[in-house]
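Numbers restart at 1 for each chain; the letters A, B, ... are given by sequence-line order, proteins then strands.
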Number of protein chains: 2
Amino acid sequence: MARLNMRELALKLGVDRATVSRALSNDKAHLVAPATRERIRQAAGAAGYRPDLTAATLRRGRSHTVGILVSDLGNETFIDVIRTIFRHLDARSDAPSITPLIAETLDQPDATRRLIHTFLSRRVDAIISLASTEADTAILQDAAREVPVVLAIRAIAGAVFPSALCDDRAGGAMVATHFAERGHKIVCQVQGPPLSATFKNRALGFSEVCASRSIVEMPQRIFAETATSGAGKRALDALLAVSPRPTAIFAHNDALALGVIEAMRHRGLRCPEDLAIVGFNNTQLSRILAVPLSTVDYPVEEVSRHAGELVRNLIADPSYRFESRLFTPSLIVRASS
Amino acid sequence: MARLNMRELALKLGVDRATVSRALSNDKAHLVAPATRERIRQAAGAAGYRPDLTAATLRRGRSHTVGILVSDLGNETFIDVIRTIFRHLDARSDAPSITPLIAETLDQPDATRRLIHTFLSRRVDAIISLASTEADTAILQDAAREVPVVLAIRAIAGAVFPSALCDDRAGGAMVATHFAERGHKIVCQVQGPPLSATFKNRALGFSEVCASRSIVEMPQRIFAETATSGAGKRALDALLAVSPRPTAIFAHNDALALGVIEAMRHRGLRCPEDLAIVGFNNTQLSRILAVPLSTVDYPVEEVSRHAGELVRNLIADPSYRFESRLFTPSLIVRASS
DNA sequence: AACCTCTTGTCAATCGATTGCAAAAAGTGT
DNA sequence: ACACTTTTTGCAATCGATTGACAAGAGGTT
């Protein structure tokens, strides 16, 4: 039982398939007489006609599809951004809806290359790369010669792409300022893996404010191998080894913060009395903890909307004078600090 | 700068495009002389030729694409299943790799209908529906007349689809048995929204064991409007209103369990001394809590693998005698019980 | 030399929708 | 009634890869 196609529908109605095509299209519908148009639309609806988008794509050279690359689908913030982008790409009255293709790279450059090639083979109209690493730069630049490539969440050093990012530096600065206002003199950062610009910028913003307010960072910095709660637990050991001991900690994301808090609990340290702590991302977890976690709220909505708009505009006009933007996060103070 | 297509590549090599097509294909490569085949493959690689999959799809009637419908992308378990399915659909030496299209329904039937139509228009080879509700039955049955439809995570009452599910009833039973073994006489369930078969089955399995072991459920059942921690908090009030008071609670998922625990903390009740609690899903959260949560581990790997295999087999042969399977979860006992 | 088989490659049709061009139809003004 | 513009419709080529049918050539057998 083959699907109904446009040729058959046209035959049934006694018109040419060109007329059917025009009647059902958005932009050329005015080329067909109103009466005919309605007749065709009625019939198409009644017969359950559904156009074959692969055929349309082939002919038009436009698939109404964008590829989304993400390093880790387990990351709540990434998922939030993806689903928000979904919403912005989905049907709005004016523009046609866009179907997203998603691929998880797990930060492996060869997987990334393969996935990008698949995207291009499937003729995506654009690619959005969420949280890419510098290892992907060359591949993305290659891809960018065929379709617009937009970056979200993570910038890539030394490469200029249209992008929608969080101002991580400002976020780090907010935390330091907050610590200063609460009178902390000795503080410490638990930094995520430095291969990502995200964590470098958070560190930078934080350190700048510390320097200007003559707050001491001690130990100067603790690097977590991964941005997970397990690494956070281990970080506390390094932190307690120094003297004088810091009174406040900036963990580069909520998972790290949670790890630190758990480790504190095991040692009988109390939060915030013995050690204040602030995380980053405002994940569900942060609201839920026994001691609700102070954290920096990630501007998910803004980043996603801008990424979506960049993509829409660049697809419409590849020479569009895009504007990369940094969105400012906001500090949420809860009990942990 | 138009993309290199097969015609041009063939021209450059002085062979017919048919020969190029066969040389690059997997199943028909033996129809081309080994020397020519290698020459063509080399050239294709060097020139960075990438086949246009929309054209291939149009001609073959096979897109090597499956649509994945999911009710809520914020749900950790759903995401886990999706990414595991990804892995099983991705390239393995034997079969060609399949690109997943993802859509979030938010349990809205009209959105679901629209998304399924998009999938079909894009000629997906199959649809996997994760956690669909009964409202979707008719739409899914419609779709099933065009492509194989596979269910995962949630069954739909009164409709037979190939499916890969968790044996929620067994899971519920395990929890009840566990409570019985620990000597609890009065227990209670905090049940998720009953529109989903998942929660009904968990409740059923639990109650059956309680009945057979003469354990009292008191209050008989508490319904949470949503399966979230907020609802869990409110559930505790209902629970404490009764007398005699239960000594153990089965929350239908970890978020609900967390809510109950938080509410307990606010009232100064201790877990497990005052009230034992077991959740469901074994989310990251459950491991991380101050009192690590006993929970039922969801068989993510098995469910995903089976769903993937069903899809692969049904695509290869629509009349494949599929086997729907229930996978048994396992109880993980931690400090909370 | 005649005949057969097997390999290798070419030709051309095909998948289904879109669109430039031109023909037909309808409308307008004199 | 005629010349004209404008609207509506049809024709046919096109997007790029795949594949059935067939031809040309190579090699083997009697």
S.K.: Output side-chain donor-acceptor pairs under 3.5 Å for residues 151-164 of chain A, partner residues at least two apart or in another chain, one line each.
M.R.:
unit_1 : atom_1 : unit_2 : atom_2 : d
A:R154 : NE     : A:A131 : O      : 3.3
A:R154 : NE     : A:S132 : O      : 3.3
A:R154 : NH2    : A:A131 : O      : 2.8
A:S163 : OG     : A:F161 : O      : 3.3
A:S163 : OG     : A:S324 : OG     : 3.3

S.K.: With a 3.5 Å distance limit and no angle check, can you tell me whether B:S25 reaches the backbone of B:R22 through a side-chain donor-acceptor pair?
M.R.: yes

S.K.: In residues 29-52 of chain A, which residues come under 4.0 Å of DNA chain C by heavy atom?
M.R.: A:Y49, A:P51, A:D52

S.K.: Which part of the nucleic acid, if any, lies within reach of A:V20 when heavy atoms closer than 4.0 Å are counted: base, sugar-phosphate only, or nothing?
M.R.: nothing

S.K.: Would you list the protein and nucleotides 19-23 of chain D atom pairs, both N or O, that sit under 3.5 Å from each other?
M.R.:
unit_1 : atom_1 : unit_2 : atom_2 : d
D:dT19 : OP2    : B:K28  : NZ     : 3.1

S.K.: Using the side-chain contact (heavy atoms from CB on, under 4.5 Å) rule, pick out the option among A:L115, A:I116, A:D110 that qualifies with A:T112.
M.R.: A:I116

S.K.: How would you list, by chain and number, every residue that makes a side-chain hydrogen bond (donor to acceptor under 3.5 Å, both in side chains) with B:T133, sequence neighbours excluded?
M.R.: none

S.K.: Are the side chain of B:S304 and the backbone N or O of B:V300 linked by a donor-acceptor pair below 3.5 Å?
M.R.: yes

S.K.: Could you walk me through whether B:R59 and B:D52 pass the salt bridge (charged side-chain N to carboxylate O under 4.0 Å, His left out) check?
M.R.: CA-CA 11 Å; B:R59 172 63 229 237; B:D52 183 321; over 6 Å; no

S.K.: Applying side-chain hydrogen bond (donor to acceptor under 3.5 Å, both in side chains), can you list everything that pairs with B:D16, at least two apart in sequence or on another chain?
M.R.: none

S.K.: Check the distance between D:dT18's P and B:N26's CG and give it to me in whole angstrom.
M.R.: 10 Å

S.K.: Between B:E309 and B:R305, does at least one N-O distance fall below 4.0 Å, as a salt bridge requires?
M.R.: no

S.K.: Give me the first and last nucleotide of DNA chain C, going 5' to 3', that has any atom under 4.0 Å from a heavy atom of chain B.
M.R.: C:dT8 to C:dG16

S.K.: Can you check whether B:L58's main-chain N or O pairs, donor with acceptor, with B:R123's side chain at less than 3.5 Å?
M.R.: no

S.K.: Between atom CG of A:L89 and atom CG of A:D125, what is the distance when rounded to the nearest 0.5 Å?
M.R.: 11.0 Å

